[in-house]
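To start, the structure itself, in structure tokens.
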Number of protein chains: 2
Amino acid sequence: MKQFIRSSKALGSVIKRVRKAKNIGQTAVGSAFKIDQGTVSSIENGAPGTRLETVFRILAALDLEMIIQPRKVDKKNLKKEEW
Amino acid sequence: MKQFIRSSKALGSVIKRVRKAKNIGQTAVGSAFKIDQGTVSSIENGAPGTRLETVFRILAALDLEMIIQPRKVDKKNLKKEEW
DNA sequence: CTATTTTATGGCTGTACAGCCATAAAGTCA
DNA sequence: TGACTTTATGGCTGTACAGCCATAAAATAG
């Protein structure tokens, strides 16, 4: 169920889906890391101006982490040299 | 050479490394997507307040994409249910 | 359907980013 | 070593986020 995220909207969708799968409310996610419920809402809906710090706090609250990788490549044939 | 990113600093490091590997300057990366060279610099150095939109524009400029996944799990044993 | 919980919006405000410009600092190369 | 390129910093400014509070709207439970 891996997703390739290239926009704020896509990121918000993933966050929302994971949060719901864990049965946690926006308020609960936020309170642990001092993020306003309204802020969590806007992020999940793809607010493009969200601050990076806020995103990482939410990822932490949901026990998630980020990975960056090259686009449009077959991972099986990925060469180290490209990095 | 996959990296698990949990902070702005870590993200900045990856961006910087990839950009250098591609022999592109901060100015070049920025100009294509209207990002100030100084902004690229601060992001690479881990500015926590960077806007999400800006991050995605840089990832696009470097032909990168993001993935979100659960923390601290052996990917070989990852269960779909956790998502 | 009603009551309750959860999520989406909006106002207000302090703070800070990002663009733009300039320049110092650091790195590169002949 | 000197000339040139690249990166780091800082000032100035317009814009907008995020916290806080309140509330409407939507979803869920009973």
Side-chain angles (χ1 to χ4, degrees), chain A residues 1 3 5-66 68 70-71 81-83, chain B residues 1 3 5-66 68 70-71 81-83:
Chain A
M1 202 59 172
Q3 298 222 354
I5 303 166
R6 301 180 179 184
S7 67
S8 308
K9 261 196 157 183
L11 179 60
S13 297
V14 172
I15 289 175
K16 186 179 214 165
R17 186 163 50 76
V18 173
R19 180 182 57 73
K20 285 197 169 182
K22 296 194 173 190
N23 278 309
I24 309 176
Q26 293 177 340
T27 305
V29 169
S31 65
F33 289 74
K34 290 208 171 183
I35 306 171
D36 189 67
Q37 176 265 317
T39 301
V40 176
S41 172
S42 65
I43 290 173
E44 290 190 349
N45 285 308
T50 308
R51 293 177 195 165
L52 202 48
E53 179 196 21
T54 308
V55 172
F56 281 115
R57 277 195 283 167
I58 289 184
L59 293 184
L62 292 174
D63 212 46
L64 298 174
E65 67 190 354
M66 183 187 294
I68 298 297
R71 286 190 182 189
E81 290 71 37
E82 294 183 315
W83 282 84
Chain B
M1 202 57 171
Q3 297 224 354
I5 302 166
R6 301 180 180 184
S7 67
S8 308
K9 262 197 157 182
L11 178 60
S13 297
V14 172
I15 290 175
K16 186 178 214 166
R17 186 163 50 77
V18 173
R19 180 181 57 73
K20 285 198 168 181
K22 297 194 172 190
N23 277 309
I24 309 176
Q26 293 178 340
T27 305
V29 170
S31 65
F33 289 75
K34 291 209 171 184
I35 305 171
D36 189 67
Q37 176 266 317
T39 300
V40 176
S41 173
S42 66
I43 290 174
E44 289 190 349
N45 285 308
T50 308
R51 294 178 194 166
L52 202 47
E53 180 196 21
T54 308
V55 172
F56 282 114
R57 277 194 282 165
I58 290 184
L59 292 185
L62 292 174
D63 212 47
L64 299 174
E65 68 190 354
M66 182 187 294
I68 299 297
R71 285 191 184 189
E81 290 72 37
E82 293 182 318
W83 282 83

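Quick note on labels: first sequence line is chain A, next is B, and so on, each numbered from 1.
- Residue contacts shown for A:T39 are limited to sugar-phosphate atoms, with no base heavy atom under 4.0 Å away.
- Each of B:L64, B:I24, B:I58 was evaluated against B:R19; a single residue qualifies, B:I24, per the side-chain contact (heavy atoms from CB on, under 4.5 Å) test.
- Scanning all heavy atoms of the two residues, the minimum distance from B:R57 to B:F33 falls at NH1-O, 2.8 Å.
- Closest approach of A:T39 and A:T54 over heavy atoms only: CG2-CG2, 4.1 Å.
- For B:Q37, no side-chain nitrogen or oxygen approaches OP1 or OP2 of D:dT6 to under 4.0 Å.
- Checking A:Q26, A:K16, A:K9 one by one against A:E44, the side chain to side chain donor-acceptor pair (under 3.5 Å) holds for a single residue, A:Q26.
- The minimum heavy-atom distance between B:S8 and B:G46, with the atom names listed, is CB-O, 3.5 Å.
- Across the protein-nucleic acid pair, A:R51 atom CZ and D:dC17 atom C1' stand 4 Å apart, rounded to whole Å.
- Under 4.0 angstrom from either OP1 or OP2 of C:dG27 there lies no side-chain N or O belonging to B:K20.
- Where B:I35 and A:D36 meet DNA chain C, the nucleotide closest to each residue was compared, and A:D36 sits on the side nearer the 5' end.
- Side-chain N/O atoms of A:K16 include one lying less than 4.0 angstrom from OP1 or OP2 on C:dA8.
- Taking atom CG of A:N45 as the reference point, atom P of D:dA18 lies 14 Å away to the nearest angstrom.
- The interatomic distance linking B:L52 (CG) with D:dC17 (C1') rounds to 12 Å, in whole Å.
- As rounded to whole Å, 12 Å separates atom P of C:dT7 from atom CD1 of A:I58.
- In terms of phosphate contacts, A:R57 brings a side-chain nitrogen or oxygen within less than 4.0 Å of OP1 or OP2 of D:dG19.
- Of the two residues near DNA chain C, A:V40 and B:F33, the one whose nearest nucleotide lies more 5' is A:V40.
- Taking atom CD on B:E44 and atom P on C:dA18, their separation rounds to 14 Å, with Å as the unit.
- Going from atom CD1 of A:I43 over to atom P of C:dT7 covers 14 Å, rounded to whole Å.
- Nucleic acid contact class of B:T50 (heavy atoms, under 4.0 Å, all strands): sugar-phosphate only.
- Proximity of A:R19 to the phosphate of C:dT7: a side-chain N or O atom is located under 4.0 Å from OP1 or OP2.
- Atom CD of A:Q26 and atom P of D:dT28 are 13 Å apart (whole Å).
- To the nearest angstrom, C1' of C:dA16 lies 16 Å from CD of B:E53.
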